[in-house]
Asker: 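Below is one structure. I have some questions about it.
Values below: every heavy atom of this structure, side chains too, minus hydrogens, waters and symmetry copies. As the structure is a prediction and not an experimental result, all values here were calculated from the model. Proteins come first, then strands; the chains are lettered A, B, ... in the order of their sequence lines, and each starts at number 1.
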There are 2 protein chains.
Amino acid sequence: MPPTPPPAERKRTRTPGATRQRILEAAEALAREAGPSNLSLDAVAAEAGVSKGGLLYHFPSKLALFEGLVEHHLSKTDDALQSRERTGAPDAVISGYIEQFRQDMACHRPPPASLLAVLVENPGLLEPVRRHQRDFLERIRTNAADPEFATVAFLVVNALRSMELLGTDMLDDDEITDMLAWLEARLAQG
Amino acid sequence: MPPTPPPAERKRTRTPGATRQRILEAAEALAREAGPSNLSLDAVAAEAGVSKGGLLYHFPSKLALFEGLVEHHLSKTDDALQSRERTGAPDAVISGYIEQFRQDMACHRPPPASLLAVLVENPGLLEPVRRHQRDFLERIRTNAADPEFATVAFLVVNALRSMELLGTDMLDDDEITDMLAWLEARLAQG
DNA sequence: TTGACTTTACCGACCAGACGGTATAGCTGC
DNA sequence: GCAGCTATACCGTCTGGTCGGTAAAGTCAA
């Protein structure tokens with residue numbers, strides 16, 4: 001146990017959690033480029049430009065690093081989504097989800113490859129992600145004019161995201177665009 | 001250690017690929033129960049009741065074992081599906097896919113967890129699976145009365161399968177059943 | 001039929017390297 | 001000097017893979 005696990009919020013000294021962030025993003029990049037199975041502590045440390053000791057200072061174990069990755073992912077996606085469902089308009093949640101996916105695609109946001117490593121090595125750590133997803137689907141449904149179709153739309157977007165993550169792309173960009181448009185058209189017409 | 005771990009089933013001469021099959025199924029079971037990251041050669045050999053040397057006789061490297069797993073999976077799913085699309089009736093292919101999924105669910109067929117190990121450790125080996133999936137979607141579309149909706153149905157089933165594989169189940173059995181019924185109803189009404 | 005030989009199927013000891021993790025010492029700004 | 005941070009050296013374990021060996025089944029000429 002380190003005296004204090006990084007205080008997360010600091011006042012004036014240097015940049016607060018800069019190294020921590022760099023490590024998380026390095027791990028993410030490494031999982032994406034070298035494959036999730038190459039996510040060793042040494043490799044992550046090297047990628048982040050930090051020694052192994054430095055890495056283990058910020059994350060006292062690999063499990064802690066994985067927890068950090070999950071949290072990192074969750075906070076990113078959560079921020080992106082919650083800003084979209086402010087309006088209580090019908091179907092705002094599912095529409096926001098679709099729109100978010102479209103935007104991620106447009107700017108080539110890479111899929112969260114590090115979560116694959118977590119899934120394979122320590123599936124239990126993904127429980128927060130599962131909870132988040134379940135809650136989100138719940139919100140989609142209660143907010144939807146046609147909950148059944150909204151669920152379909154959610155599943156379709158999920159399938160597209162899974163395909164991207166697993167590298168089993170079957171639709172090209174145009175086909176995906178068409179598919180999203182199709183979903184939105186049905187949503188609009190009720 | 002018994003000199004021969006029970007030969008299981010033998011007819012008259014040694015059954016040709018019996019041990020090989022046993023190894024593949026042991027690997028599959030191990031990936032499912034102990035997690036894909038625990039798919040080491042030692043563990044697979046132990047699960048299959050074979051020495052490591054014996055395992056490496058049938059699969060001269062881990063890569064070869066993974067190739068075997070992919071092929072194993074592919075032949076199983078291919079057999080199941082091709083028998084369903086014999087009739088050239090409209091929407092036979094997508095309907096067969098849905099029906100197959102329903103049946104897999106009914107008899108609690110486990111998801112192909114070993115493919116996760118392959119994906120993480122050697123994604124390139126999944127190319128045959130990708131090709132198979134692409135071809136299958138192609139067949140669904142050319143056979144469909146409404147290709148766009150058939151694609152939606154395909155993606156929904158894919159999403160459900162992914163959720164099962166990744167353990168991120170968000171719908172319970174009843175909801176899934178309803179969803180499949182919903183898809184089939186739309187297909188039927190054209 | 002038999003005995004020499006080849007092939008098939010399998011075993012288990014061993015190895016070099018990678019891995020997660022520990023211990024400890026060094027640096028740097030306040 | 002001291003807290004926060006980083007670096008290096010090292011340890012035990014596990015991993016994929018090699019290797020020499022063995023025992024049974026098949027092949028075939030004499």
Asker: Taking atom types as modelled, is there a side-chain donor on A:E121 or B:S37 under 3.5 Å from an acceptor on the other?
Answerer: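 B:S37 and A:E121 do not have a side-chain donor-acceptor pair below 3.5 Å.
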Asker: Rounded to the nearest Å, what distance is computed from the CG atom of residue A:N38 to the P atom of nucleotide C:dG17?
Answerer: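 In whole Å, C:dG17 P lies 18 Å from A:N38 CG.
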Asker: Would A:R161 and A:D104 pass as an ion pair if we require N to O under 4.0 Å?
Answerer: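 Looking at A:R161 and A:D104, the cut-off is met.
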Asker: A:D42 has an atom CG; how far is it from atom P of C:dG20, in whole Å?
Answerer: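 In whole Å, C:dG20 P lies 7 Å from A:D42 CG.
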Asker: In whole angstrom, give the distance that lies between atom CZ of B:F59 and atom P of C:dA9.
Answerer: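 Those two atoms, CZ and P, are 13 Å apart.
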Asker: Taking atom P of C:dG12 as reference, at what distance in whole Å does atom CG of B:L41 sit?
Answerer: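 Whole-Å distance recorded here is 16 Å.
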Asker: For salt bridge (Lys or Arg N to Asp or Glu O under 4.0 Å), just list the numbers for B:E164 and B:R109, CA-CA rounded to whole Å, side-chain angles, deciding distance to a tenth of an Å, and then say yes or no.
Answerer: CA-CA 11 Å; B:E164 205 188 354; B:R109 181 129 95 101; over 6 Å; no
Asker: Can you name the atoms? Protein N/O to nucleotides 6-9 of chain D N/O, anything below 3.5 Å, with the distance.
Answerer:
{"from": "D:dT6", "atom 1": "OP1", "to": "A:T19", "atom 2": "OG1", "distance (Å)": "3.2"}
{"from": "D:dT6", "atom 1": "OP2", "to": "A:H58", "atom 2": "NE2", "distance (Å)": "2.7"}
{"from": "D:dA7", "atom 1": "OP2", "to": "A:S51", "atom 2": "N", "distance (Å)": "2.6"}
{"from": "D:dA7", "atom 1": "OP2", "to": "A:S51", "atom 2": "OG", "distance (Å)": "3.0"}

Asker: What are the two closest non-hydrogen atoms of B:P128 and B:L74, and how far apart are they?
Answerer: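 Smallest heavy-atom distance, with atoms named: CB-CD2, 3.8 Å.
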Asker: Atom CG of A:N122 to atom P of C:dG20: distance rounded to whole Å?
Answerer: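 From A:N122 CG to C:dG20 P: 13 Å.
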Asker: Write down the distance between CG (B:L65) and C1' (D:dT15), rounded to a whole number of angstrom.
Answerer: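 Whole-Å distance recorded here is 14 Å.
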Asker: C:dA18 phosphate, OP1 or OP2: any side-chain N/O from A:S40 under 4.0 angstrom?
Answerer: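 For C:dA18, neither OP1 nor OP2 has a side-chain N or O of A:S40 closer than 4.0 Å.
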Asker: Provide the closest heavy-atom pair for A:R141 versus B:L171 in the form atom of the first, atom of the second, distance.
Answerer: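 Looking at all heavy atoms of both residues, the shortest contact is NH2-CG, 4.4 Å.
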Asker: Going by side chain to side chain donor-acceptor pair (under 3.5 Å), B:S114 matches just one of B:R32, B:H72, B:E28, B:H73. Which one?
Answerer: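 Exactly one option meets the side chain to side chain donor-acceptor pair (under 3.5 Å) with B:S114, and it is B:E28.
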Asker: Report the nucleotide, chosen from D:dG16, C:dG20, C:dT22, that has the shortest atom-to-atom distance to any side-chain atom of A:K62.
Answerer: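 It is C:dG20.
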Asker: Looking across every strand, which nucleic acid part, if any, lies under 4.0 Å from B:L56 by heavy atom: base, sugar-phosphate, or nothing?
Answerer: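 It contacts base atoms.
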